[in-house]
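Notes for the one structure printed next.
Below, chains carry the letters A, B, ... as their sequence lines are ordered, and counting in each starts from 1.
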Amino acid sequence: MKKEYDPGEIEQRWYASWSEKGLFHAEADSRARGSYSMVIPPPNVTGVLHMGHAMNNTLQDILIRFNRMEGLNTLWVPGTDHAGIATQNVVEKDLAKRGITRHDMGRDAFVEEVWKWRRLHGDKIIDQLKRMGSSCDWERLRFTMDKGLSKAVRKVFVSLYEEGLIYRSDYIVNWCPRCHSALSDLEVEHEDEDGFLWHMRYPLADGSGEVVVATTRPETMLGDTAVAVHPGDERYASMIGKKCILPFVDRQIPIIEDAVVDVEFGTGAVKITPAHDLNDYEMGIRHGLERIVIMDTSGVMNENAGPYKGMDRFECRRVLEHDLDAGGFLVDKTQYTVPVGHCYRCKSAIEPYLSKQWFVRVKPMAEDAIMAVKEGKTRILPAQWEKTYFEWMNNIRDWCISRQIWWGHRIPAWFCDECGEITVAQADPKVCAHCGSANIHQDSDVLDTWFSSALWPFSTMGWPENTPELKTFYPTSVIITGFDILFFWVARMMMMGIKFMGDVPFRDVYLHALVRDEHGHKMSKSKGNVVDPMDVMDHYGADAFRFTLTAFAAMGRDVRISDKRIQGYRFFINKIWNAGKYVLNKIEGFDPDSVDCSSLRFSLADQWILYRLNHTIHDTREALKGYRYNEAAETLYQFTWHTLCDWYIELSKNMLEGEEKIPTMWTLYYTLKTSLELLHPIIPFVTEEIWQEIPGKKEASIMVAPYPEVTDAFAFADQAKAMAFIIEAIGKIRSIRGETGISPKARIDVVLRSNDHKRQSLFKANETYIRELAVTQNITFIPMDDPRPPRSALAVVSGMEIYVLLEGVLDIATEIARLDKQITKTTKELEKKKKKLANQNFLDKAKEEVVDEQRRLNDELESKLGKLKTAADLLKD
RNA sequence: GGGCGGGUAGCUCAGUUGGGAGAGCAUCGGCCUUACAAGCCGAGGGUCACAGGUUCAAGCCCUGUUCCGCCUACCA
């Protein structure tokens, strides 16, 4: 084995090996062992791996590998998402470089171009996931525009349509004038911007006065069809029913009353533009108002805008303001913060726009999805997200699913040019279902990308066929994803899964945090703070990267990735490597299969590490089962480095001779192997590399080795406690050495003074540990009747005093100072304890075991303090 | 406007039934001890945002204040 761990070559080699052996594959066999399944949140096919993916896939892979080692029939379905608008934008940009627009090509050619793009670049992110070690079943790789998935999409659309849950209607939608498409409410990002509130006057038609309205969007006045005031607003009572004149377009519009109007806001009179504002649209329906669309699909003013026709909407605003002012219509203009919606893809300002769109009536499905969580059929973790889920589900509005783009699932609806009716069908119809005319054409819109994603947990398993996959693996065990797509995706999968499969799509939902930069800022290209996971892996290896993400994945908290931290865990990987190297070297030629471990005479140190290992197994398993990733990582880090390496391996160096040799070799072998298996789900590569070198009979890969289980055979609680005393003593002696500046090489003499015979014999029997790890020479045991050794440093442990003889080793003054420091510290602690125990209420009301514990600690501190004081006095004389 | 999360060591963060405040990095001192200097041994450092309350006991539970972040919203 090489001196330093080199991840690059090793990671590549093992991934290929696992793949060749078919270890990622799961068969759909419901008779087999229990099953465990997951579907990947499909990354955009245009995507490149970012920190979010890295986090997401690491957490998934850990659970997949853990459960696979548990012996479950474990499936992880991978795939990619066609990502309608995003992908179309990418390909359009590509074409633009060649001076071509999609309109030059036409729809069919453009769609073919996107497929071509996908074939060329679409698997990049898949390769990156492999680089991370993701153990997906690649034989089952799916794409949301696959034949099978497209079939599922059509089936769902047609069913919902027939049930009346999908309908087509005029409505105000979020329109992106750049993408030329409607967007769902979720695809709009709101942001407060500095704007203005314009007050403008509309003269009354009968010349009896004027009404002043306030608006943040003066250009929409061109589409006004009413002015509304609150019922009973005395200021305007006399105007109700009258008409006012809209400047520039000279339209007469009524003044109406509606309870929605806020008396306090602005002038208490609001202009109503039913075709360009949702509120106004709804008010328009209530009052039967005309709807005048004043812009085209690019946000350019149309013929209804009269003299402003042909102007961009923002240019129109500027010109109109000038004209209003010039015409004496502008009363006031004040600074005002206004929330503006932006397209989540291209960031253009969203235009509320009246158009005909397809919608899903989601209320009934939302109710079932709420019930499923309330009844515990699906658990949402961390639990605080449940509330958010309910909140959204309860206030859900119909889902606009049509998009005016070309890349995506075409809506399976055909319009009849003869009778005007709509035919919705799974198979492309030849004639209109209503009048039989062959003169039909398909709706040009495609479906919202999330429509197909909503079906992902069952469409990837072959639905609508009744496949063995569905039987074996549905519902999936858990979905792991970022909280940012709880509504986009998780909620909709819940609705669709319950609707079409009759059961929830997953038992658990685990929502992880966002990965941010080290200062807590969201990573973005414009900020230039993006850390590329591929760079990280090039530098530190996939294992170090995965371990970092895991250690940071505390439930419900943002993750701040920092280079330093990754480096720290890179060192940890190297530490494991070196421990492996040490153990393998020491057990060379050792055949673990020839040893019956139940007949081995384990040393105290052996028993101690086996006991600690048992605990580590328990804690790690519990943490993983509870999605407490950071705890699992922390537990294993502490055990491997600070228990196994710092203590046991050091202790083992003096136990590889004589009768201790075989038990020590076995313990080294066993502890290393088990630790690697425990670590494998988090850091698959380095663990496999070392594990393969371990002697003895074992599985073809650590990937399919059984995950370690707690065993009664190592329930060495008493021995572990005894060893802990020795470790404590070694620590105390080392501390004295360190603090008083005794040379690390100087073998010192130590006197252990105690009347505790058991303790004395324990230390006598295990003298070697102290001699080697605390670098001592003579260790003398004396009873409490014997006088304290003069000119010595003192450390107090429970039931024993430890004296380090200083004669000729160092200056007494240093030790006096050291003791004084400890006396101060101990006195403080003791005071706190005394105060507590002096409180009668505490003694009366606290649990008995708590009081006893406090008394014990008090006594211990008291005795320690006394000893320290005596020792200090002695030295001062 | 509504909702959620957070404020713990210089930095990044743990701390799940309330009972002696932790880790990593950074800092300081000492070590090339034959697995590892990407390492080993030792040390220093915190009125757990602030103010109240509950309790024998609060980083943890309750109320209020404040600061930061996020989500959500049809206040023109």
Quiz prompt | A/E739-A/S735 side chain donor-acceptor pair, cut-off 3.5 Å | solution =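 Side-chain D/A pair, A/E739 to A/S735: present.
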Would you say a side-chain N or O of [X] is under 4.0 Å from OP1 or OP2 of [N]?
X: A/H190; N: B/C75; answer: no
X: A/K836; N: B/G19; answer: no
X: A/K835; N: B/A57; answer: no
X: A/Y336; N: B/A76; answer: yes
X: A/W641; N: B/C40; answer: yes
X: A/K845; N: B/C56; answer: yes
X: A/T273; N: B/A76; answer: no
X: A/R397; N: B/C74; answer: yes
X: A/K745; N: B/C32; answer: yes
X: A/Q854; N: B/G20; answer: yes

Length of the line joining [X]:[atom1] and [N]:[atom2], which is rounded to integer Å:
X: A/E191; N: B/A73; atom1: CD; atom2: P; result: 15 Å
X: A/N395; N: B/G2; atom1: CG; atom2: P; result: 15 Å
X: A/D484; N: B/C4; atom1: CG; atom2: C1'; result: 15 Å
X: A/K832; N: B/C56; atom1: NZ; atom2: P; result: 20 Å
X: A/H512; N: B/C70; atom1: NE2; atom2: P; result: 18 Å
X: A/F571; N: B/A38; atom1: CZ; atom2: P; result: 7 Å
X: A/I573; N: B/G39; atom1: CD1; atom2: P; result: 13 Å
X: A/K821; N: B/G45; atom1: NZ; atom2: C1'; result: 12 Å

Exercise. Hey, could you give me each pair passing side-chain hydrogen bond (donor to acceptor under 3.5 Å, both in side chains) that has a residue in residues 212-229 of chain A? Not counting sequence neighbours.
Key: A/Y202-A/D224, A/R217-A/E219, A/R217-A/E351, A/E219-A/R317, A/T220-A/K271, A/D224-A/K271, A/D224-A/T273
If we take the [atom1] atom in both [N] and [M], what is their distance in whole Å?
N: B/G39; M: B/G5; atom1: C1'; result: 40 Å
N: B/A58; M: B/G19; atom1: P; result: 11 Å
N: B/G42; M: B/U55; atom1: P; result: 45 Å
N: B/U63; M: B/G20; atom1: P; result: 26 Å
N: B/G52; M: B/U66; atom1: C1'; result: 15 Å
N: B/C25; M: B/C61; atom1: P; result: 30 Å
N: B/A49; M: B/G2; atom1: P; result: 25 Å
N: B/G53; M: B/C75; atom1: P; result: 41 Å

Quiz prompt | Qualifying residues under side chain to side chain contact (heavy atoms under 4.5 Å, CB included), relative to A/N279, sequence neighbours excluded | solution = A/D277
Quiz item: Is the cationic atom of A/K653 (NZ for Lys, CZ for Arg) positioned less than 6.0 Å from the six-membered ring centroid of A/Y582 and within 45 degrees of its normal?
Solution: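 Yes, a cation-pi geometry holds between A/K653 and A/Y582.
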Quiz item: Cationic tip of A/R291 within the cone over A/Y281's six-membered ring, i.e. under 6.0 Å and within 45° of the normal?
Solution: no
Taking the side chain of [X] as its heavy atoms from C-beta onward, which of [options] lies nearest to it?
X: A/R570; options: B/G5, B/A38, B/G42; answer: B/A38
X: A/P744; options: B/C41, B/G20, B/C31; answer: B/C31
X: A/K575; options: B/A35, B/A76, B/A43; answer: B/A35
X: A/A846; options: B/G19, B/G20, B/C75; answer: B/G19

Using side-chain heavy atoms (C-beta onward) and a distance below 4.5 Å, is [X] in contact with [Y]?
X: A/I272; Y: A/V270; result: yes
X: A/I683; Y: A/I576; result: yes
X: A/L381; Y: A/L511; result: no

Practice problem: Look at the rings of A/W641 and A/Y637 and say which category their plane angle falls in: under 30° parallel, 30 to 60° tilted, over 60° perpendicular. | Solution: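 The arrangement is tilted - the two ring planes meet at 30° to 60°.
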Exercise. Ignoring hydrogens and angles, answer whether the base of B/U12 and the side-chain atoms of A/R560 contain a donor-acceptor pair closer than 3.5 Å.
Key: no
Quiz item: Side chain of A/E650, base of B/A35: donor and acceptor closer than 3.5 Å?
Solution: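 In this structure, the two groups form a donor-acceptor pair.
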Quiz item: In dot-bracket, 5' to 3', how would RNA chain B read with Watson-Crick or G-U wobble pairs under 3.5 Å, [ ] for crossing ones and | for pairs to another strand?
Solution: (((((((..((((.....[..)))).(((((.......))))).....(((((..]....))))))))))))....
